[in-house]
Asker: 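Take a look at this one; I'll ask things after.
First the proteins, then the strands, lettered A, B, ... as listed; each starts at 1. Model, not experiment: these values are computed from the prediction.
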There are 2 protein chains.
Amino acid sequence: MTETVSAQRVEDFLCFSLYAASHAFNRLYQPLLEPLGLTYPQYLVLTVLWAEDGLLVGQIGEKLALVSSTLTPLLKRLEGAGLVARTRDRQDERQVRVTLTEAGHAMRDRAAGIPACVLSATGLSLEKLLRLKDEIDALRHMVEQHKDNAGP
Amino acid sequence: MTETVSAQRVEDFLCFSLYAASHAFNRLYQPLLEPLGLTYPQYLVLTVLWAEDGLLVGQIGEKLALVSSTLTPLLKRLEGAGLVARTRDRQDERQVRVTLTEAGHAMRDRAAGIPACVLSATGLSLEKLLRLKDEIDALRHMVEQHKDNAGP
DNA sequence: TCTTTTTATATCGTGCACAATATAATCGCT
DNA sequence: AGCGATTATATTGTGCACGATATAAAAAGA
């Protein structure tokens with residue numbers, strides 16, 4: 001049977017592959033993060049802060065490509081869990097600075113083994129993984145650029 | 001400055017690239033689907049049914065790697081929008097069969113131009129796109145297999 | 001100095017995504 | 001024939017993800 005172009009299958013969509021792969025990784029992380037009381041997006045935020053503490057909400061948003069309506073509730077939950085502190089910037093009170101607490105710093109050690117677990121699950125060499133990552137990043141930048149240029 | 005392995009940046013994570021790229025595509029689709037009254041996951045379900053009408057909820061779940069707690073509310077919204085009908089299977093009443101309505105079939109024509117728009121936004125040739133897709137699919141299957149084998 | 005514009009974050013509402021649990025139907029075994 | 005195990009979907013609760021909107025602070029212009 002011949003598939004016409006209009007009978008395109010969902011499996012043929014690159015965006016579906018990304019969507020499904022992203023969820024598969026989320027499900028892979030869940031048992032690793034659950035003992036730490038973290039979700040995957042919370043883990044991403046902490047990873048950003050472990051690399052550079054004291055970022056503004058907007059800066060975290062830029063690094064993770066997330067809007068404030070996603071970040072503010074997420075950061076409040078991390079604050080409630082005692083892992084970060086949120087304070088208004090003294091010089092510009094529109095901006096909120098996010099700093100790690102001692103527990104937030106300590107969480108880094110507890111989460112240290114996660115990347116190796118995840119890498120091992122992919123079955124990829126580090127070289128191949130980085131190459132695939134770069135291609136996906138390039139694709140994402142093309143897509144984001146297209147969206148920005150598609151003004152009214 | 002040398003980055004130690006423990007100072008790993010979130011940008012270095014393949015899973016973050018997938019996560020961010022998936023969301024970027026979601027944002028790319030949104031203005032294309034919004035006029036049709038559809039969300040991206042709803043569009044995925046319809047795509048599956050356009051290719052093969054009358055699937056069971058479980059079969060849709062397998063094709064999209066989604067659990068029934070995600071699908072049931074989503075299908076109910078599509079049913080409420082008049083695009084699909086859900087009926088219990090006569091032979092096995094545990095199973096729910098999902099069929100397209102006339103409006104659901106007609107939606108296919110309305111959505112016909114979307115794949116081309118999305119493809120053009122990626123800036124990729126069809127050949128490169130398919131190759132990248134296959135690599136991501138292989139990765140997802142590795143990850144899903146790892147998760148299945150990591151039993152108690 | 002005052003007003004308008006811009007910027008940063010917060011809130012609200014909606015739609016997922018999934019684990020845990022519930023309900024109902026089918027199957028297999030005795 | 002009855003009971004326990006299994007299967008399929010539904011419900012509940014929680015955490016995002018994002019568009020629309022609101023609030024407050026800073027910047028720019030008159």
Side-chain angles (χ1 to χ4, degrees), chain A residues 16 18-45 55-62 64-81 86-98 144 147, chain B residues 16 18-45 55-62 64-81 86-98 144 147:
Chain A
F16 172 69
L18 287 166
Y19 168 92
S22 181
H23 288 145
F25 268 100
N26 215 317
R27 294 192 294 269
L28 175 67
Y29 269 98
Q30 196 273 341
L32 301 174
L33 291 171
E34 195 269 335
L36 309 185
L38 294 177
T39 64
Y40 180 67
Q42 290 168 2
Y43 170 71
L44 288 180
V45 168
L55 291 173
L56 303 173
V57 170
Q59 290 172 322
I60 299 174
E62 278 176 32
L64 296 180
L66 292 173
V67 292
S68 73
S69 53
T70 296
L71 281 177
T72 297
L74 200 158
L75 291 169
K76 281 187 168 182
R77 274 186 286 276
L78 285 176
E79 188 173 41
R86 296 184 312 133
T87 53
R88 287 281 164 184
D89 190 73
R90 301 296 282 275
Q91 288 183 317
D92 189 334
E93 291 186 9
R94 292 174 297 182
Q95 300 180 325
V96 170
R97 196 166 297 278
V98 186
E144 283 171 346
K147 187 180 184 308
Chain B
F16 172 68
L18 287 166
Y19 169 92
S22 182
H23 287 146
F25 269 100
N26 216 317
R27 295 191 293 268
L28 174 68
Y29 270 98
Q30 197 272 340
L32 301 174
L33 291 172
E34 195 268 334
L36 309 184
L38 294 177
T39 64
Y40 180 67
Q42 290 170 1
Y43 170 72
L44 288 180
V45 168
L55 290 175
L56 303 174
V57 170
Q59 289 170 325
I60 298 174
E62 277 176 31
L64 298 180
L66 292 172
V67 293
S68 73
S69 52
T70 295
L71 282 176
T72 298
L74 200 157
L75 290 169
K76 282 187 167 182
R77 275 184 286 274
L78 285 175
E79 188 174 40
R86 296 185 311 132
T87 54
R88 288 282 164 184
D89 190 73
R90 301 292 283 276
Q91 288 183 318
D92 188 335
E93 291 185 10
R94 294 174 296 180
Q95 298 179 325
V96 171
R97 196 166 297 279
V98 186
E144 282 170 347
K147 188 183 183 305

Asker: Give the angle between the helix axes at the two ends of the helix from dT1(C)-dA30(D) to dT30(C)-dA1(D), taking five base pairs at each end and rounding to 10°.
Answerer: 10°

Asker: Can you tell me how far P of dT7(C) sits from CD of E93(A), to the nearest Å?
Answerer: 19 Å

Asker: Check every strand shown and say whether Q91(B) touches a base, only sugar-phosphate, or nothing at a heavy-atom separation below 4.0 Å.
Answerer: sugar-phosphate

Asker: Contact class for R86(B) vs. all strands (heavy atom < 4.0 Å): base, sugar-phosphate, or nothing?
Answerer: sugar-phosphate

Asker: Please state how far atom CZ in R27(B) lies from atom P in dA17(D), giving the value in whole angstrom units.
Answerer: 10 Å

Asker: Once you measure the plane-to-plane angle for Y19(B) and Y40(A), does it fall in the parallel (<30°), tilted (30-60°) or perpendicular (>60°) bin?
Answerer: perpendicular

Asker: Verify the contact: side-chain N or O of S68(A) to OP1 or OP2 of dT9(C), cut-off strictly under 4.0 Å; return yes or no.
Answerer: no

Asker: Mind checking L74(B) for me? I need base, sugar-phosphate or nothing, with any heavy atom below 4.0 Å counting as a touch.
Answerer: sugar-phosphate

Asker: Evaluate salt bridge (charged side-chain N to carboxylate O under 4.0 Å, His left out) for E93(B) paired with R88(B), printing each intermediate quantity in order.
Answerer: CA-CA 5 Å; E93(B) 291 185 10; R88(B) 288 282 164 184; over 6 Å; no

Asker: Give a yes or no on whether the backbone of L74(A) and the side-chain of Q42(A) come within a donor-acceptor separation of less than 3.5 Å.
Answerer: no

Asker: Atom CG of N26(A) and atom C1' of dT14(D): how far apart are they, to the nearest Å?
Answerer: 14 Å

Asker: I want to confirm an ordering. Mapping Q42(A) and R90(A) to their closest nucleotides on DNA chain D, which one lands closer to the 5' end?
Answerer: Q42(A)

Asker: I need the NE2-P distance between H23(B) and dC16(C), as an integer number of Å.
Answerer: 13 Å

Asker: Quiz question: going by heavy-atom distance under 3.5 Å, is there a donor-acceptor pair between the base of dT9(C) and the side chain of R94(A)?
Answerer: no

Asker: Students often get this wrong, so: under 4.0 angstrom with heavy atoms, is R88(B) touching a base, only sugar-phosphate, or nothing?
Answerer: sugar-phosphate

Asker: Answer yes or no: is there a side-chain heavy-atom contact under 4.5 Å between L55(A) and I60(A)?
Answerer: yes

Asker: Hey, is the side chain of S69(B) pairing donor to acceptor with the base of dA19(C) inside 3.5 Å?
Answerer: yes

Asker: Mind calculating the distance between CG (D89(B)) and P (dT26(C)) to the nearest angstrom?
Answerer: 9 Å

Asker: Is the phosphate of dC16(C) approached by R77(B) (side-chain N or O, under 4.0 Å from OP1 or OP2)?
Answerer: yes

Asker: Output the rounded distance in Å from CG (L56(B)) to P (dT9(D)).
Answerer: 6 Å

Asker: In whole angstrom, what separates Y29(A)'s OH from dA17(C)'s P?
Answerer: 19 Å

Asker: So, does Y19(B) get its side chain near the phosphate of dA17(D), meaning an N or O under 4.0 Å from OP1 or OP2?
Answerer: yes

Asker: Roughly how many Å is it from CD in Q30(A) to C1' in dT14(D), rounded to a whole number?
Answerer: 12 Å

